[in-house]
**Student:** 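Mind having a look at this structure? Questions to follow.
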Number of protein chains: 2
Amino acid sequence: MSTKSNVLLIGSGGVGTMAAYNLEAGGLAAITSVLRSNHEAVTQNGFTITSLDHGFVKGWKPSRIVNSIPNVAKEGLRSFDFIVVTTKNIADIHPTVAEIIAPAVTPGYTTIMLLQNGLNIEKPIQAAFPMNPVLSGVSLIGATETQPGHILHDDRDRLIVGAFENHNIPKETNLAAAKRFVEIYNASGKVQCTHDENVGFVRWRKLIYNACYNPVCAITGMDTARMRIYRSPIEDVIRPLMWEVWNIAKAAGHQLPEDIVQKMIDCDPDDTYFKPSMQQDIEKGNYIEFENLVGEPLREAERLGVPAPQLKIVYGMCKILQLRVMEQKGVVKLPPKDDPTRPILEISQGSSVPS
Amino acid sequence: MSTKSNVLLIGSGGVGTMAAYNLEAGGLAAITSVLRSNHEAVTQNGFTITSLDHGFVKGWKPSRIVNSIPNVAKEGLRSFDFIVVTTKNIADIHPTVAEIIAPAVTPGYTTIMLLQNGLNIEKPIQAAFPMNPVLSGVSLIGATETQPGHILHDDRDRLIVGAFENHNIPKETNLAAAKRFVEIYNASGKVQCTHDENVGFVRWRKLIYNACYNPVCAITGMDTARMRIYRSPIEDVIRPLMWEVWNIAKAAGHQLPEDIVQKMIDCDPDDTYFKPSMQQDIEKGNYIEFENLVGEPLREAERLGVPAPQLKIVYGMCKILQLRVMEQKGVVKLPPKDDPTRPILEISQGSSVPS
């Protein structure tokens with residue numbers, strides 16, 4: 001049996017591809033990549049990567065390329081040691097992450113690494129696979145797929161890894177899974193992957209940005225640079241919202257430093273007019289991953305009795321945006337115009353997020 | 001001297017044209033209309049009006065048509081008894097209403113009728129013309145200019161008139177101005193114009209709709225019918241916001257009935273997918289009149305110590321939308337992309353709204 005970890009990567013956009021490349025560069029992992037939109041391009045020409053950490057790479061392919069999630073049991077495959085998930089987390093739309101990865105998970109064996117943003121993303125995964133370690137990956141990388149198979153990686157790959165608490169399995173098993181992942185990820189010597197047991201702290205810290213800039217930029221159509229240049233969007237909307245999230249984090253037991261608010265306000269460069277992912281998704285007509293970025297922090301606030309009236313209205317507006325996307329995609333249909341006899345719709349929305 | 005009131009109408013879209021037509025139909029007023037975008041069409045062919053109150057009218061022209069605000073003193077004109085203003089009220093952009101009407105106002109004589117929405121719209125007018133009566137007109141009409149000179153009037157003209165309080169002039173002068181306006185407006189026998197001294201109550205009641213549906217529809221791009229059909233937009237966003245406004249009104253001394261919230265939620269028909277004016281303006285790339293609809297109620301809340309965190313964030317988002325319109329119109333210019341040496345802009349925004 002190989003000493004290389006057998007890794008399945010799901011979500012091969014910018015972040016996912018750089019994770020795959022880095023893992024194989026370290027020599028301690030063999031990657032199976034599930035490719036969809038770029039499957040043909042990569043099968044033919046491999047990836048073209050321009051990377052701050054790894055330099056210029058042409059024609060690279062992961063060990064194995066597939067175009068759908070492997071069914072390990074049915075296909076008699078070797079179990080995956082790790083499944084790395086770098087897709088968006090659209091908790092309110094099926095199929096959910098748990099549903100997507102199910103055929104590839106070996107119960108009680110495979111470690112599931114969620115390289116995704118937001119709060120409580122592990123909950124539906126642990127509910128579906130109670131005996132598997134689930135890891136938190138919080139990434140500060142900047143990487144984009146500029147065209148199918150072409151990756152621009154322009155901000156250093158810094159990854160913080162920790163195991164989500166799981167009372168069904170021994171603490172050491174969880175910890176060992178996290179440490180092994182850090183080992184195989186750092187093996188390339190090119191990136192900065194650290195282990196941090198305080199998963200909650202790490203995730204709440206990033207939520208100061210993600211629960212505020214992401215939805216407000218998506219709702220108002222203004223990027224973070226313009227908000228800083230014009231100033232009033234920061235002072236009227238972003239800063240008060242960030243303090244609400246800061247206070248929820250505190251009540252949830254995570255005392256973030258006070259200067260984190262200003263740091264998060266300033267963390268994007270001004271000169272690129274950066275649009276957070278949720279704003280990019282709305283512009284492309286994609287679903288937005290607002291349930292874990294905004295909905296879950298809000299539900300924590302409600303559970304803990306912390307006032308969060310502004311986060312609540314931002315959450316409500318995100319739901320409106322998502323309904324618009326559903327309508328654009330034809331998932332919901334409205335009665336025709338000027339038909340007074342038309343019935344009022346009953347809309348059934350799937351949701352895997354506990355509310 | 002004629003017994004007809006000499007009336008200047010500024011803003012000849014749907015609402016303004018129906019006011020002008022109705023006033024001349026009553027025989028107690030002669031109208032001078034300031035036409036801009038439809039000046040040529042109306043000069044040549046008159047207005048074509050399809051009206052619920054007045055029937056089908058072809059080729060109608062007001063007594064006098066001009067293409068700019070008359071300068072009464074310079075041109076040696078007869079003073080206007082009334083100036084009826086039906087333009088949008090964009091308080092944060094110059095020229096303001098006070099600046100626009102100035103050449104036509106005879107100080108201490110002309111009554112200024114503001115047939116416009118929002119709170120404290122009289123303040124800058126009274127500051128500019130302290131000795132003139134200023135009237136409040138709250139209209140429930142539905143009227144649209146479908147093409148230059150063509151008006152579709154599809155919801156009854158119901159107008160509530162009252163004088164704004166003004167300690168510089170005798171109460172009777174103010175009252176007489178309001179009553180005379182009601183007289184000339186009702187003279188057609190086709191509309192329902194009522195006098196209501198409680199101007200604040202009438203305006204706050206309409207703000208339950210205007211401070212909530214208008215900005216949220218503009219911000220989220222969803223009309224009021226969809227919000228009711230989908231339900232969550234109402235329960236998550238609109239209803240809590242309406243109660244904030246209701247509570248501000250109460251603290252300001254206007255105890256609105258409690259069922260006004262549900263009535264305002266339901267007041268548009270579902271089958272036309274009606275977009276409030278602020279949403280229409282954003283879609284057309286026009287400035288939005290958010291300062292008097294949202295900003296002033298919010299400033300009242302702050303003055304009175306009433307919590308209004310959700311209205312505050314909606315206001316902040318409206319400012320973001322207005323900045324986007326300013327950018328589209330070239331009023332503000334941002335530094336170019338990818339230029340790290342560029343200076344940070346100082347944006348000077350005119351505002352006639354006391355903050």
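Everything quoted here is computed from the prediction, not taken from an experiment. As a basis for the values below, the full set of heavy atoms in this structure was taken, side chains included, without hydrogen atoms, waters or symmetry mates. Below, chain A is the first sequence line, B the second, and so on; all start at residue 1.
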**Student:** Determine the option with the most heavy-atom pairs under 4.5 angstrom with chain B, choosing from A:Arg324, A:Met227, A:Glu235.
**Tutor:** A:Arg324

**Student:** Ignoring hydrogens, what is the shortest heavy-atom contact between A:Pro215 and A:Asn210? Give both atom names and the distance.
**Tutor:** CD-O, 3.3 Å

**Student:** Ion pair present between B:Asp155 and B:Arg158, side-chain N to carboxylate O less than 4.0 angstrom?
**Tutor:** yes

**Student:** Which residue pairs pass the salt bridge (charged side-chain N to carboxylate O under 4.0 Å, His left out) test with at least one member in residues 212-227 of chain A, sequence neighbours excluded?
**Tutor:** A:Asp223-A:Arg226, A:Arg226-B:Glu327

**Student:** Check whether A:Gln322 reaches the backbone of A:Ile288 with its side chain - one donor and one acceptor, N or O, closer than 3.5 Å.
**Tutor:** yes

**Student:** Once side chain to side chain contact (heavy atoms under 4.5 Å, CB included) is applied, do any residues pair with A:Lys263, and if so which ones, sequence neighbours excluded?
**Tutor:**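 Once residues adjacent in sequence are excluded, the partners of A:Lys263 under the side chain to side chain contact (heavy atoms under 4.5 Å, CB included) criterion are A:Asp259.
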
**Student:** Mind ranking B:Thr220, B:Ile219, B:Asp236 by heavy-atom pairs under 4.5 Å with chain A and telling me who comes out on top?
**Tutor:**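 Counting heavy-atom pairs under 4.5 Å, the top option is B:Thr220.
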
**Student:** By ring pair (Phe, Tyr, Trp, His ring centres under 6.0 Å), which residues pair with B:His150, not counting sequence neighbours?
**Tutor:** none

**Student:** Counting only heavy atoms closer than 4.5 Å, note whether A:Ile238 contacts chain B via side chain, backbone, both or neither.
**Tutor:** neither

**Student:** Using non-hydrogen atoms and a limit below 4.5 Å, what part of residues 305-315 of chain A faces chain B?
**Tutor:** A:Pro309, A:Gln310, A:Lys312, A:Ile313, A:Val314

**Student:** Measuring heavy-atom distances to chain B, does A:Ile320 have an atom under 4.5 Å in its side chain, in its backbone, in both, or in neither?
**Tutor:**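 Contact with chain B involves both backbone and side-chain atoms of A:Ile320.
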
**Student:** Okay, side chain of A:Arg239, backbone of A:Val261: is any donor-acceptor separation there less than 3.5 Å?
**Tutor:**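 Flag not set: sc A:Arg239 to bb A:Val261 has no pair under 3.5 Å.
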
**Student:** Determine yes or no for a side-chain-to-main-chain donor-acceptor pair under 3.5 angstrom, with A:Glu289 supplying the side chain and A:Asn89 the backbone.
**Tutor:**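 Checking the backbone N and O of A:Asn89 against the side chain of A:Glu289, a donor-acceptor pair under 3.5 Å is found.
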
